[in-house]
Amino acid sequence: AVPNDTYYANNWGHNNTAQLPVYSGSSHSGAGVGTIGFDTDAPLAWDQSQGYGSASTIIAILDTGVDLTHPDLRLVAGYDYGDNDADPSDNSASPNHGTSCSGVAAGIANNGLGVTGSGGGCSVMPLKIASADGSLGFTAIENSLIHTGDHNVDVASMSFGAEGGMAEGSSPSTDSALEYAYSHG
């Protein structure tokens, strides 16, 4: 399956044919750069019976929020645990990461615009864990994880880290929230 989305050819992670452009000021040279075949083989998966995925499959994006007006995202209701309100817009002091992660996960496939997400037929639930100043707190992360367990989320995507790193047992409340989400599907 090859989607008709405007920037699909630039989504090298799906099907790397060394199509990345030469970037000005970089050490790359030639018409295209990249390692051919170093990719997810997504077109082979999309060609199977599940296609691009189902709108009933919910991918929660725990991040800076999501651009709620983005035309290339299929959204379901989420929440802003960073500021404790019902608006999970990507409007913190450090915006855009959550919207970008949403596109990577589930940018609507085969709609003739934008990118193609790995699960381009799936829905995104934005769970904002960033406060207005852009900081991420463990309480917001934990509350979002519990939210995923209580709201039929199929996949929880978390693209963030903790200063100094974390290991199992470092935060018992986070461990409990992860277990809650996992044990609730």
Check: Ile58 main-chain N/O paired with Asp154 side-chain donor or acceptor under 3.5 Å
yes

Distance check, rounded to the nearest 0.5 Å: Thr148 atom OG1 versus Ile61 atom CD1?
12.0 Å

Roughly how far apart are Phe138 CZ and Ser171 OG, rounded to 0.5 Å?
6.0 Å

Rounded to the nearest 0.5 Å, how far does NE2 of His184 lie from CD1 of Ile146?
9.5 Å

Are any of the side-chain heavy atoms of Tyr79 and His151 separated by less than 4.5 Å?
no

His70 and Ser102, any side-chain heavy atoms less than 4.5 Å apart:
no

Give the cluster check for Val76 versus Val153: same hydrophobic cluster or not, with ILVMFWY residues linked at side-chain heavy-atom distances below 4.5 Å.
yes

Do Leu178 and Met158 make a side-chain contact, defined as non-hydrogen atoms from C-beta onward lying under 4.5 Å apart?
yes

Grab the two heavy atoms, one from Cys122 and one from Gly53, that are nearest each other, plus how far apart they are.
SG-CA, 4.0 Å

Has the side chain of Asn143 got a donor or acceptor atom that lies under 3.5 Å from a matching backbone atom of Thr139?
yes

For the student: nearest non-hydrogen atoms of Gly120 and Arg74, plus distance:
O-NH1, 3.8 Å

Nearest non-hydrogen partners of Ala60 and Leu127, listed with the distance:
CB-CD1, 4.0 Å

Checking the side chain of Asn16 only, and the main-chain atoms of Thr35 only, is there a donor and an acceptor separated by less than 3.5 Å?
yes

Give a yes or no on whether Met166 and Ile141 share a hydrophobic cluster (residues Ile, Leu, Val, Met, Phe, Trp, Tyr; joining criterion: side-chain heavy atoms under 4.5 Å apart).
yes

Going from OG on Ser131 to CG on Leu136, what distance comes out if it is rounded to the nearest 0.5 angstrom?
7.5 Å

Restricting to side-chain hydrogen bond (donor to acceptor under 3.5 Å, both in side chains), what partner residues turn up for Asn152, sequence neighbours left out?
none

If we ignore hydrogens and angles and just use 3.5 Å, is the side chain of Asn110 paired with the main-chain N or O of Asn4 as donor and acceptor?
yes

Between Pro172 and Gly169 the two heavy atoms that sit nearest each other are CD-O, 3.9 Å

For Asp5 and Tyr7, indicate whether the former's side chain and the latter's backbone hold a donor-acceptor pair under 3.5 Å.
no

Distance col, row Thr17:OG1 vs Phe38:CZ, nearest 0.5 angstrom, shows 14.5 Å

Whether the side chain of Asp83 engages the backbone of Ala132 through a donor-acceptor N/O pair (distance < 3.5 Å, no angle test) should be reported.
yes

I need the Leu62 CG to Leu145 CG distance, nearest 0.5 Å.
5.5 Å

How far apart are the closest heavy atoms of Tyr52 and Ala1, and which atoms are they?
OH-CB, 3.9 Å

Do the side-chain N and O atoms of His147 and Tyr81 include a donor-acceptor pair separated by under 3.5 angstrom?
yes

His14 vs Tyr8 aromatic rings, parallel, tilted or perpendicular, using cut-offs 30° and 60°?
parallel

What about Val155 and Leu75, same hydrophobic cluster or not, with Ile/Leu/Val/Met/Phe/Trp/Tyr joined at side-chain heavy-atom distances under 4.5 Å?
yes

side-chain hydrogen bond (donor to acceptor under 3.5 Å, both in side chains) partner of His97, chosen from Thr64, Asp63, Asp90:
Asp63

Counting only heavy atoms not in Phe160 (residues, nucleotides, ligands), do more than 12 fall under 6.0 Å from its CZ?
yes

Hey, does the side chain of Asp175 reach the backbone of Glu168 with a donor-acceptor pair shorter than 3.5 angstrom?
no

Answer whether the closest heavy-atom distance between the side chains of Pro88 and Val66 falls below 4.5 Å.
no

Would you call Leu73 and Asp67 a side-chain contact if the rule is heavy atoms closer than 4.5 Å?
no

State plainly whether one hydrophobic cluster holds both Val124 and Trp46, where clusters connect Ile, Leu, Val, Met, Phe, Trp and Tyr through side-chain heavy atoms under 4.5 angstrom apart.
no

Determine yes or no for a side-chain-to-main-chain donor-acceptor pair under 3.5 angstrom, with Thr6 supplying the side chain and Gly112 the backbone.
yes

Tell me if a side-chain donor or acceptor on Ser183 pairs with a main-chain N or O of Glu179 at a distance below 3.5 Å.
yes

If we ignore hydrogens and angles and just use 3.5 Å, is the side chain of Asn11 paired with the main-chain N or O of Gly13 as donor and acceptor?
no

Between Lys128 and Ser144, which heavy-atom pair has the shortest distance, and what is it?
O-OG, 4.4 Å

